[in-house]
2 protein chains.
Amino acid sequence: MFSKTCEYAIRASIFIAAQSYQDKRVTIKDIAENIDSPKSFTAKILQILAKKEIVHSIKGIGGGFEIPKENIKRINLAQIVIAIDGDSIFKSCGLSVNHCCDQHPCPLNKKFKSIRNDLAKMLDSTCLEELVLDVNSGESFLI
Amino acid sequence: MFSKTCEYAIRASIFIAAQSYQDKRVTIKDIAENIDSPKSFTAKILQILAKKEIVHSIKGIGGGFEIPKENIKRINLAQIVIAIDGDSIFKSCGLSVNHCCDQHPCPLNKKFKSIRNDLAKMLDSTCLEELVLDVNSGESFLI
DNA sequence: AAAGAAATATGATTTAAATCATATGAAATA
DNA sequence: TATTTCATATGATTTAAATCATATTTCTTT
Ligand code: FES
Ligand code: FES
């Protein structure tokens, strides 16, 4: 479904948000340990997220990553997915036949379109906050 | 969504079925040309499909691949996807957190489950026949 | 039986994704 | 200002997916 990079990005974002929610800033090491991801790979991914202003990074002693509380409500999964994997999951043909569903549709175009729309709707309507609450209440896990 | 291998497998199956529907047997070359896929890679994929009895292969002069007409109705997309990519798309966690949705769910488990169920239902309820009719009537394309 | 046309089997190569490693830059604190 | 702790930048390596190449087997036709 998503690339591994994107999965790490989502899990990392949720973890950072969950900690920020409790006013805790986290380092790359913390993140990698808590979402079980390779540390330097995670660092690379976080740089992308920082550039796209999905996470906020602070250098130096006491630094790390955080997501300002106001943003935890605002950031949704679609933003993260697009930042990492681009919008191909929303736009490209499920059979790689074309640029999808125009004059030259593949045989699955209608069926795919509907599933992709559901996926898009889901990603768009799911903000970090609700996921964070689940994780912090111990209902769901990142590892 | 699917691996490239799986996309080729689906497109090849639809093409073979579309030709078998008109009592035409096709060679690997035909297939590769008509679905725009690398020839020897396609050959490999067809071997898998032949072993799983999704396509029928005939060696020697005049040989090639076909799908018996009775089977065009019976074969659905789920069978092809499972033959190539396995059932991970149905069963594995969208965030690669675990074996999905048991005692240890990831934060997206509910939302993912619903989308995956829709996908599974779609793949299961879509047989080759309806796709073939679309292609043969010129409503949709494999290339 | 021989020749040709097809699939089959297998292995090598290429490409892209994922991972690892290391040097550099910025902020804090002592 | 020196040192430490963190992120940043960059490049190398590994792994897996995709692609390419070729020898072998099977069947048909003559
Ligand atoms: S054309 Fe294939 S999914 Fe839209
Ligand atoms: S646990 Fe993650 S999708 Fe089921």
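Note on naming: letters A, B, ... go to the chains in the order of the sequence lines (proteins, then strands), and numbering restarts at 1 for each one. Quick note: numbers below take in every heavy atom, side chains included, and nothing from hydrogens, waters or symmetry partners.
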Pick base, sugar-phosphate or nothing for [X], based on heavy-atom distances below 4.0 Å to the nucleic acid.
X       : answer
A:Lys51 : sugar-phosphate
A:Leu46 : nothing
A:Ser40 : base
B:Lys44 : base

Does A:Lys59 contact D:dT5 through a side-chain donor or acceptor facing the base, at a distance under 3.5 Å?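 It does not, because no donor-acceptor pair links the side chain of A:Lys59 to the base of D:dT5 below 3.5 Å.
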
Residue [X], side-chain atoms from C-beta onward, closest of [options]:
X       : options               : value
B:Ile28 : C:dT8, D:dT19, C:dA27 : C:dT8
A:Phe41 : D:dT19, C:dA7, C:dT19 : C:dT19
A:Lys4  : C:dA18, D:dT8, D:dA18 : C:dA18

Whether the side chain of B:Ser3 engages the backbone of B:Cys6 through a donor-acceptor N/O pair (distance < 3.5 Å, no angle test) should be reported.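 Side chain of B:Ser3 to backbone of B:Cys6, a donor-acceptor pair under 3.5 Å: yes, one is there.
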
When you match A:Pro38 and A:Ile58 each to their closest nucleotide on DNA chain C, which lands nearer the 5' end?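 That would be A:Pro38.
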
For the pair made of [atom1] in [X] and [atom2] in [N], what is the distance, rounded to whole Å?
X       : N      : atom1 : atom2 : answer
B:Arg11 : D:dA18 : CZ    : P     : 13 Å
B:Glu66 : D:dC27 : CD    : C1'   : 14 Å
A:Lys29 : D:dA7  : NZ    : P     : 11 Å
A:Asp30 : D:dC6  : CG    : C1'   : 11 Å
B:Ile45 : D:dA18 : CD1   : P     : 9 Å
B:Lys39 : C:dA5  : NZ    : P     : 13 Å
B:Ile48 : D:dA17 : CD1   : P     : 12 Å
A:Lys24 : D:dC6  : NZ    : P     : 16 Å

Is a salt bridge present between A:Asp30 and A:Arg25, judged by a nitrogen-to-oxygen distance below 4.0 Å?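 Result for this pair is no, no salt bridge flagged.
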
Does this structure show an ion pair linking B:Lys29 with B:Glu33, if we count only N-O contacts that are shorter than 4.0 Å?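 Result for this pair is yes, salt bridge flagged.
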
Atom CZ of A:Phe65 and atom NE2 of A:His56: how far apart are they, to the nearest 0.5 Å?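 It comes to 10.0 Å.
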
Starting from the 5' end of DNA chain D, give me the residue, B:Cys6 or A:Gly62, whose nearest nucleotide shows up first.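 Between the two, 5'-proximity favours A:Gly62.
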
Mapping A:Gly60 and A:Ser57 to their closest nucleotides on DNA chain D, which lands nearer the 5' end?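 The residue mapped nearer the 5' terminus is A:Gly60.
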
Classify the ring geometry of A:Phe41 against A:Tyr8: parallel below 30°, tilted from 30° to 60°, perpendicular beyond 60°.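 It falls in the perpendicular class, over 60°.
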
Counting C-beta onward and ignoring hydrogens, is there a side-chain heavy-atom pair between B:Pro107 and A:Leu142 closer than 4.5 Å?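 The answer is yes; the side chains approach within 4.5 Å.
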
If you compare every side-chain N and O of B:Gln47 against the phosphate oxygens of C:dA9 (OP1, OP2), does one of them come in below 4.0 Å?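 Checking C:dA9 against B:Gln47, a side-chain N or O does come within under 4.0 Å of OP1 or OP2.
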
Reckon B:Tyr8 has a side-chain N or O less than 4.0 Å from the OP1 or OP2 of D:dT19?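 Yes.
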
